[in-house]
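Heads up: the structure comes next, in structure tokens.
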Amino acid sequence: TQERKTQIRNQRGARHPENNQLTHSRCRARTVGLCVAALAASLYFARANTFVCGNVSGTWTTAGSPYIATCNLTVPSGQTLTIQPGATLIMGQGFNMDVEGAISAVGTAAQRIIIRGASPSLYWDNIHINYNGGAQSTFVNCNITDATNALQLNIINQNANTTMTPQISDCTFSNCLNTCIYGTAIPNVCCYYAPNLAGMVMNCRFSGSFNGIHLYGTGNTGYPYGQGTVNMSVANNLFQGLTGVAMWFDIGTQTGGTSNPKADNNIFLQCLNAVKQTGSSGYYNPEIAYNCFYNCSTNFIDVPSVYGT
């Protein structure tokens, strides 16, 4: 009978309590596992989009990611925007970030910072860094894609002998419509000052874009003879499959000062044009050394023959 069957099951449980304990333990383990998985899923989906527009500063966290730009952004003078490891910034089509203060985007190898467009075909404009003294800008372990000109580094019209030293390392640049990194040093026409673009680009990868790095320095041709100088170091980078110029030294009317930019220990792979120099000046002497060139259409354009062909 049913009553007899219930008695037999109870007796078996009494003789072998370990079976019940094992079953209960397994149930508890399954329950805990399901709870952990559900919590992780809820935390993931709880990461709300953060919409940003206009002036921005302070700290952008992974929990608040992705940050979605719905208009042009500005980091005001004297302020810093810090982007934490693992955070993502999505820039709307044609939008830019104008950095009058500083930006610190320092990711890790495990948690890289992503700066991208809404889609690969909707290009955002640029991150435009205007150095006015104070804190310097830094990009480490960042993936930057879908831009017209990804980073523009400008030291222009300074009323002092000021040096800009951006630090860009272990970053990847891809799908940039024009130039991945464009740096300029231009003096104020009123004064005899020498703005200097220095800093470094190191251990980065440039691919699937038009130009890699374009550095431009110029000076005043008349009194006062202020000079913009370029002394940036570009080292240990990979330039792959670029359809414009991978490394471009662009010399304006420099009539004083000392420009000695460096391109050392880089790899140029399957680029249309590897290294190009525009203009010349006795005050502008780039160092191009220990680079490797593989299957580029042209290794050098208007570069002194001492560097090779």
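Position 1 is the first residue of the sequence; numbering continues from there. All of these numbers come straight from a predicted model, not from anything done at the bench.
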> Can you check side chain to side chain contact (heavy atoms under 4.5 Å, CB included) on Gln79 and Asn55, steps first, answer last?
Replying inline: CA-CA 10 Å; Gln79 299 186 34; Asn55 288 351; over 6 Å; no
For [X] versus [Y], what's the shortest heavy-atom pair and its separation?
| X | Y | answer |
| --- | --- | --- |
| Cys271 | Gly241 | SG-N, 3.9 Å |
| Tyr284 | Asp250 | OH-N, 4.1 Å |
| Cys204 | Asp170 | SG-N, 3.7 Å |
| Val230 | Ala185 | CG2-CB, 4.3 Å |
| Phe210 | Thr243 | CD1-OG1, 3.4 Å |
| Thr62 | Gln84 | N-OE1, 3.9 Å |

State yes or no: do [X] and [Y] share one hydrophobic cluster built from I, L, V, M, F, W and Y residues joined by side-chain heavy-atom distances below 4.5 Å, directly or via other members?
| X | Y | result |
| --- | --- | --- |
| Ile115 | Ile68 | no |
| Val56 | Phe139 | yes |
| Val245 | Ile213 | no |
| Leu153 | Met202 | no |
| Val140 | Ile83 | no |

>> Tyr131 vs Thr163, test: side chain to side chain contact (heavy atoms under 4.5 Å, CB included). Steps then yes/no.
In response: CA-CA 9 Å; Tyr131 185 64; Thr163 296; over 6 Å; no
Please check this pair: side chain of [X] against backbone of [Y], looking for a donor-acceptor N/O pair closer than 3.5 Å.
| X | Y | value |
| --- | --- | --- |
| Thr88 | Pro66 | no |
| Ser65 | Ala63 | no |
| Ser209 | Cys180 | no |
| Trp124 | Ala150 | no |
| Asn143 | Arg112 | no |
| Asn260 | Asn231 | no |

Can you tell if the side chain of [X] reaches within under 4.5 Å of the side chain of [Y], non-hydrogen atoms only?
| X | Y | value |
| --- | --- | --- |
| Gln277 | Phe300 | no |
| Phe173 | Leu151 | yes |
| Phe293 | Val275 | yes |
| Leu73 | Leu81 | no |
| Arg116 | Ile90 | yes |
| Leu272 | Leu242 | no |
| Ile129 | Pro166 | no |
| Met91 | Leu122 | no |

Got a list of side-chain donor-acceptor pairs under 3.5 Å for residues 92-107, not counting sequence neighbours?
unit_1: Asp98; atom_1: OD1; unit_2: Asn130; atom_2: ND2; d: 2.8
unit_1: Glu100; atom_1: OE1; unit_2: Asn132; atom_2: ND2; d: 3.1
unit_1: Glu100; atom_1: OE2; unit_2: Asn130; atom_2: ND2; d: 2.9

[atom1] of [X] to [atom2] of [Y]: how many Å apart, nearest 0.5 Å?
| X | Y | atom1 | atom2 | value |
| --- | --- | --- | --- | --- |
| Arg205 | Cys171 | CZ | SG | 14.0 Å |
| Met164 | Gln136 | CE | CD | 7.0 Å |
| Ser259 | Ile251 | OG | CD1 | 8.0 Å |
| Asn211 | Asn273 | CG | CG | 9.0 Å |
| His128 | Asn149 | NE2 | CG | 9.5 Å |
| Leu269 | Cys296 | CG | SG | 7.0 Å |

Sequence-distant partners of [X], side chain to side chain contact (heavy atoms under 4.5 Å, CB included), two or more places apart:
| X | result |
| --- | --- |
| Ser121 | Ser119 |
| Tyr123 | Thr148, Asn175, Leu177 |
| Asn265 | Asn236, Tyr290 |

>> Just by distance, no angles: are the side chains of Asn237 and Asn266 close enough, under 3.5 Å, to form a donor-acceptor pair?
In response: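 Note: Asn237 and Asn266 side chains meet the donor-acceptor criterion.
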>> Please enumerate all residues that pass ring pair (Phe, Tyr, Trp, His ring centres under 6.0 Å) together with Tyr67, with sequence neighbours excluded.
In response: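 Listed in chain order: Trp60.
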>> Check Cys53 against Cys71 for me: are their SG atoms closer than 2.5 Å?
In response: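 Looking at Cys53 and Cys71, their sulfur gamma atoms lie closer than 2.5 Å, so the answer is yes.
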>> Test side-chain hydrogen bond (donor to acceptor under 3.5 Å, both in side chains) on Thr229 and Asn196; report intermediate values, then the result.
In response: CA-CA 5 Å; Thr229 57; Asn196 177 38; 2.9 Å; yes
> Restricting to pairs with a member in residues 229-248, which pass ring-ring contact (aromatic ring centres under 6.0 Å, His included), not counting sequence neighbours?
Replying inline: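 Passing the test, one end in residues 229-248: Phe206-Phe239, His214-Trp248, Phe239-Phe268.
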